[in-house]
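Worksheet: one structure, shown below.
First the proteins, then the strands, lettered A, B, ... as listed; each starts at 1.
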2 protein chains.
Amino acid sequence: MSRMSSTSRPYHHGDLRAALLKSAERTLREKGVGALSLRELARDTGVSHAAPGRHFKDKQALIDALALDGYERLNRALGAAADQPGLTFEGRMTALARAYLGFAVENPELLELMFARKHDPDGSAQLAAAVDQSLGSLTRMMADAQERGEIVAGDPERITTVAAASLHGLAALIASCALDAEEAMNGLDEHVHLLLHGLKPR
Amino acid sequence: MSRMSSTSRPYHHGDLRAALLKSAERTLREKGVGALSLRELARDTGVSHAAPGRHFKDKQALIDALALDGYERLNRALGAAADQPGLTFEGRMTALARAYLGFAVENPELLELMFARKHDPDGSAQLAAAVDQSLGSLTRMMADAQERGEIVAGDPERITTVAAASLHGLAALIASCALDAEEAMNGLDEHVHLLLHGLKPR
DNA sequence: ACCTGAACACCGTTCAAGT
DNA sequence: ACCTGAACACCGTTCAAGT
């Protein structure tokens with residue numbers, strides 16, 4: 001009678017799972033993976049310390065869920081960049097690179113988490129699919145370009161790997177603070193140009 | 001009188017610090033960063049749980065020491081590869097790449113740790129120097145090549161970044177199991193060739 | 001100087017019990 | 001179905017005390 005809200009909901013939450021994920025991403029962003037604690041998450045969400053166990057069997061399960069959410073956002077960004085019409089191949093490649101690096105700059109801790117070699121063999125099927133989708137945007141672009149003769153012939157997977165390594169390397173160096181983010185973004189056009197035209201003089 | 005060894009040494013160890021590091025690297029390799037525990041390390045080394053505190057002010061300090069040791073080994077490998085005589089530029093680049101990827105394949109967990117964005121601002125001066133030395137091998141190689149006109153003109157730092165991102169991307173993808181290690185090693189010559197000659201047809 | 005042993009404030013995970 | 005509260009076995013870190 002004295003409570004103001006949620007007359008019909010059981011306990012505190014309609015969607016504790018979502019609330020926990022939201023809170024987790026916040027502390028991930030602000031304090032890093034090391035500061036993630038199920039108990040603190042429960043406290044912040046106003047729930048008992050055992051409640052998260054109902055929604056995530058493990059701490060790793062929560063981390064995997066964060067990673068999966070990250071991939072979904074990244075894949076939307078990559079897809080949108082790759083599908084832009086009216087661009088040259090180099091233009092599309094640059095747009096894709098910009099989308100990826102932008103994500104890395106905005107979500108460095110999350111990116112690290114997405115690429116960590118942890119992965120619960122149970123829940124990792126979804127994660128594997130999400131990773132494939134990320135590479136998919138790039139693979140399609142390379143296959144298209146190859147058909148049009150805009151890039152060299154050869155095993156398309158190998159060629160995709162070269163491009164992927166170049167972009168992921170930049171993203172990883174940014175996320176780990178080995179490279180200044182702003183500087184990398186400013187040099188991005190030239191980076192892509194060098195990737196396509198090579199380091200050797202023509 | 002009844003002990004067989006170390007008649008003059010205090011307690012159990014002549015070099016507890018080294019013993020802890022050795023044990024730590026072993027569990028890092030076998031069970032991952034998440035399994036590192038100062039208390040377990042102390043138990044494995046036959047010492048009280050507070051003893052590690054004398055040698056590492058923090059768990060992070062031990063991790064930083066592991067990372068520093070990793071950089072020292074990596075830098076020796078990179079230096080040896082970069083200084084090989086009688087090679088073309090592409091040959092030296094390939095040797096450097098092979099050294100780096102070899103390290104990544106042999107020490108995936110350690111590499112992840114070396115590139116984690118943690119770094120105690122206190123002890124990180126040494127770490128920063130070690131990182132610089134790693135990049136140094138590559139930077140010198142690029143500067144040499146540029147002088148001889150073997151690679152394109154332009155800001156040498158930018159060009160070094162392109163090569164570094166390409167190699168580090170491969171290494172990171174291998175370490176995170178996103179790329180099959182053997183496959184990547186087999187394709188390494190072609191990878192370097194594409195890096196130098198570009199993805200566009202000539 | 002180097003280590004011990006107890007203490008403190010945290011964890012993740014499990015499980016009977018409540019609503 | 002969903003959550004609580006207590007319990008268990010661990011942590012990292014600190015600090016007086018021992019040798």
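- A salt bridge links Asp189(A) with Arg98(A): the distance from a Lys NZ or Arg NE/NH1/NH2 to an Asp or Glu carboxylate oxygen falls below 4.0 Å.
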Nucleotides 9-17 of chain C: protein proximity per nucleotide (B base, S sugar-phosphate only, - neither; heavy atom, under 4.0 Å) = --BBBBB--
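- Counting only residues at least two apart or on different chains, no salt bridge (charged side-chain N to carboxylate O under 4.0 Å, His left out) pair has a member in residues 77-96 of chain A.
- Identified under the salt bridge (charged side-chain N to carboxylate O under 4.0 Å, His left out) test for residues 170-188 of chain A, with sequence neighbours left out: none.
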ask   = Please, what dot-bracket string fits DNA chain D when only Watson-Crick and G-U pairs with both distances under 3.5 Å count, crossing ones use [ ] and pairs to another strand use |?
value = ||.|||||...|||||.||
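- When the P atom of dA1(C) is taken as reference, atom CG of Asp15(B) falls 17 Å away, rounded to whole Å.
- Taking Glu72(A) as the reference, nothing meets the salt bridge (charged side-chain N to carboxylate O under 4.0 Å, His left out) condition, with sequence neighbours excluded.
- Under the salt bridge (charged side-chain N to carboxylate O under 4.0 Å, His left out) criterion, Glu190(B) pairs with Arg158(A), sequence neighbours left out.
- Applying the salt bridge (charged side-chain N to carboxylate O under 4.0 Å, His left out) criterion to Arg76(B), with sequence neighbours excluded, gives no partner residue.
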Taking only distance into account, with no hydrogens and no angle test, what donor-acceptor pairs under 3.5 Å do side-chain atoms of residues 161-169 of chain A form with protein atoms, sequence neighbours excluded?
unit_1: Thr161(A); atom_1: OG1; unit_2: Glu157(A); atom_2: O; d: 2.9
unit_1: Ser166(A); atom_1: OG; unit_2: His191(A); atom_2: NE2; d: 2.9
unit_1: His168(A); atom_1: ND1; unit_2: Tyr100(A); atom_2: OH; d: 2.8

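- Partners of His197(A) by ring-ring contact (aromatic ring centres under 6.0 Å, His included), not counting sequence neighbours, listed by chain and number: His193(A).
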